[in-house]
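This report concerns only the one structure given below.
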Amino acid sequence: MRRGDGPAVGRVSGPRSSFTVKKVLVALSSLISDAQERGLVAINAVRDMRARRVRGLETRAEKRQRGKLKVGVDIPSPEEIRSLIGNLRGRWRPILLTAIFTGLRSSELRGLRWGDVDFKKSEVHVRQRVDRFGEMGAPKSAAGERALPVPPSLVSALKEWRLACPLGELDLVFPTSTGRPLGHGDVVDRGLLPTLVAAGVVDREGRAKYGGLHALRHFYASWCINRKTDGGLELPPKVVQTRLGHSTIAMTLDVYGHLFPSGDDGAELAAAETLLLSGG
């Protein structure tokens with residue numbers, strides 16, 4: 001027998017049962033906990049991994065329980081948006097108006113540069129984002145880099161804001177007073193929530209009815225989807241996907257599919273029935 005041809009000691013091969021895996025992880029977690037107490041390691045990666053898994057399961061369970069996004073619950077209604085717009089003031093007016101009419105994520109809003117705003121074409125280009133640490137980077141995916149048409153009211157608001165916008169080497173559209181990226185919490189806590197309260201968009205306790213900027217992104221998606229007769233844009237699913245910067249059409253349909261017009265409501269169904277039965 002040549003050297004190295006003997007049986008491998010301590011090696012494992014093939015799949016292991018979930019019971020064995022769990023047993024090993026419990027033992028490993030105990031060993032790391034002991035090392036933590038001795039000051040030999042800083043964190044227990046196994047315990048953190050299990051905690052993240054539990055949180056993920058809880059989040060999925062909560063989503064199943066809540067069901068589909070609902071207008072007036074998860075998505076601001078057109079009436080609520082009109083009231084919100086009517087109460088926008090000062091530095092928060094342009095950034096919240098941009099969120100409403102473009103559906104940009106918070107990170108994309110805070111990373112928007114003046115060079116990304118095309119006033120001649122009335123477009124906003126998403127080319128970078130700001131993470132929670134204030135660092136610049138590329139959009140979340142290739143689909144995140146996109147161009148969005150904007151309405152005249154937003155063009156006017158941005159032109160007006162440009163005259164008052166703090167200057168900075170980063171050329172940000174919505175910077176702090178020193179030209180640095182705004183924090184997500186600042187936009188929500190100092191901008192969105194007080195404006196919702198001022199607009200009367202509140203819950204039974206008088207608190208802001210919607211807790212984050214994603215509510216405005218949900219509204220933008222619904223506005224893109226709604227029929228033109230209902231004040232929407234009535235865009236096809238693929239265009240809505242592009243506008244939102246989703247990497248797949250499945251993601252768009254999973255979240256917003258139930259909002260698309262069914263195409264077989266009462267009036268259309270009756271007209272189709274008449275055509276069918278009359279033979280013409």
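Treat the numbers as computed from the prediction; the structure is a model and nothing was measured. Reckoned from all heavy atoms, side chains included, excluding hydrogens, waters and symmetry mates.
- Looking at heavy atoms from C-beta onward, P166 lies out of side-chain contact with T176 at the 4.5 angstrom threshold.
- The number of heavy atoms from other shown groups lying within 6.0 Å of CD (E79) is above 12.
- Here the closest heavy-atom approach between residue L170 and residue P181 is recorded as CD1-CD, 3.8 Å.
- Considering every non-hydrogen atom in both S141 and G245, the closest pair reads OG-O, 4.1 Å.
- A donor-acceptor distance shorter than 3.5 angstrom exists from the side chain of S83 to the backbone of A199, with no hydrogens or angles considered.
- Counting only distance, with no hydrogens or angles, the side chain of W223 and the backbone of G231 share a donor-acceptor pair below 3.5 Å.
- Annotation for D203 and A208: closest pair OD2-O, 4.4 Å, computed over non-hydrogen atoms.
- Under a hydrophobic-cluster definition in which Ile, Leu, Val, Met, Phe, Trp and Tyr are linked whenever side-chain heavy atoms come within less than 4.5 Å, directly or via other members, L259 and Y220 are assigned to the same cluster.
- Using a distance-only test at 3.5 Å, with no hydrogens or angles considered, no donor-acceptor pair links the side chain of D118 to the main chain of S122.
- Side chain of H125 to main chain of E145: no donor-acceptor pair is present (N/O by atom type, distance under 3.5 Å, no hydrogens or angles).
- A salt bridge does not link R93 with E160: none of the charged nitrogens is closer than 4.0 Å to a carboxylate oxygen.
- Panel note: side chain T242, backbone K238; a donor-acceptor pair is recorded below 3.5 Å.
- Residues E80 and L196 fail the side-chain proximity criterion, which asks for heavy atoms closer than 4.5 Å.
- Residues F174 and L112 form a side-chain contact, since some pair of their non-hydrogen atoms from C-beta on lies under 4.5 Å apart.
- Using modelled atom types, one side-chain atom of E234 and one backbone atom of K228 make a donor-acceptor pair closer than 3.5 Å.
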- Task: Decide yes or no on ring-ring contact (aromatic ring centres under 6.0 Å, His included) for H218 and Y210, but give the supporting numbers first.
- Result: CA-CA 11 Å; H218 289 327; Y210 304 98; 9.5 Å; no

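- Clustering ILVMFWY residues whenever any of their side-chain heavy atoms sit less than 4.5 angstrom apart, transitively, puts L69 in the very cluster that holds I249.
- Relative to the ring axis of W114, R162 places its NZ or CZ within 45° and under 6.0 Å from the centre.
- Both I75 and L193 belong to a common hydrophobic cluster when Ile, Leu, Val, Met, Phe, Trp and Tyr are linked at side-chain heavy-atom distances under 4.5 angstrom.
- V130 approaches G111 most closely through the heavy-atom pair CG2-CA, 3.4 Å.
- Counting only heavy atoms from C-beta outward, the side chains of L216 and L96 approach each other to under 4.5 Å.
- Counting only distance, with no hydrogens or angles, the side chain of D230 and the backbone of N226 share no donor-acceptor pair below 3.5 Å.
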- Worked verdict on L154 versus T102 for side-chain contact (heavy atoms from CB on, under 4.5 Å): CA-CA 10 Å; L154 180 53; T102 65; 4.0 Å; yes

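- Remark: side-chain polar atoms of S222 are paired, donor with acceptor, to backbone N or O of F219 under 3.5 angstrom.
- Ionic pairing of E123 and R146 is not present here: no N-O contact between side-chain nitrogen and carboxylate oxygen is shorter than 4.0 angstrom.
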- Task: Under the side-chain contact (heavy atoms from CB on, under 4.5 Å) rule, what do Q128 and R113 come out as? Steps first, then yes or no, please.
- Result: CA-CA 9 Å; Q128 69 173 14; R113 296 165 297 191; 3.3 Å; yes

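- A pairwise comparison of heavy atoms in C165 and L172 identifies SG-O, 3.6 Å as the closest pair.
- Judged by distance alone, with hydrogens and angles left aside, the side-chain atoms of K209 form a donor-acceptor pair with the main-chain N or O of G72 at under 3.5 Å.
- Side-chain heavy atoms closer than 4.5 Å link hydrophobic residues (I, L, V, M, F, W, Y) into clusters, and following such links, even through other members, never connects V124 to M136.
- Under the 4.5 Å side-chain heavy-atom criterion for Ile, Leu, Val, Met, Phe, Trp and Tyr, V239 and L253 are members of the same hydrophobic cluster.
- Using a distance-only test at 3.5 Å, with no hydrogens or angles considered, no donor-acceptor pair links the side chain of S156 to the main chain of S153.
- Between R180 atom CZ and T178 atom OG1 the span is 7.5 Å, to the nearest 0.5 Å.
- Between L84 and I100, some side-chain heavy-atom pair lies under the 4.5 Å cut-off.
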- Task: Report the C-alpha distance between L233 and I225 in whole Å, list the side-chain angles of each, state the deciding distance to 0.1 Å, and finish with yes or no for side-chain contact (heavy atoms from CB on, under 4.5 Å).
- Result: CA-CA 6 Å; L233 298 175; I225 293 168; over 6 Å; no

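- In this structure the side chain of F101 never reaches within 4.5 angstrom of the side chain of T98, judged on heavy atoms.
- Side-chain contact check for L148 versus R243: some heavy-atom pair is nearer than 4.5 Å.
- Nearest approach of L158 to F119, heavy atoms of both residues: CB-CE2, 3.9 Å.
- Using a cutoff of 4.0 Å between basic side-chain nitrogens and carboxylate oxygens, R127 and D116 are scored as salt-bridged.
- Taken to the nearest 0.5 Å, the OG atom of S247 stands 7.5 Å off from the CD atom of Q241.
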- Going through the checks in order, is the side-chain contact (heavy atoms from CB on, under 4.5 Å) test met by M251 and D254? CA-CA 5 Å; M251 183 183 298; D254 282 348; 5.8 Å; no

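- Considering only heavy atoms from C-beta on, W161 stays 4.5 Å or farther from I95 through its side chain.
- With H184 as reference, V188 is the one residue of D186, V187, L182, V188 to meet the side chain to side chain contact (heavy atoms under 4.5 Å, CB included) rule.
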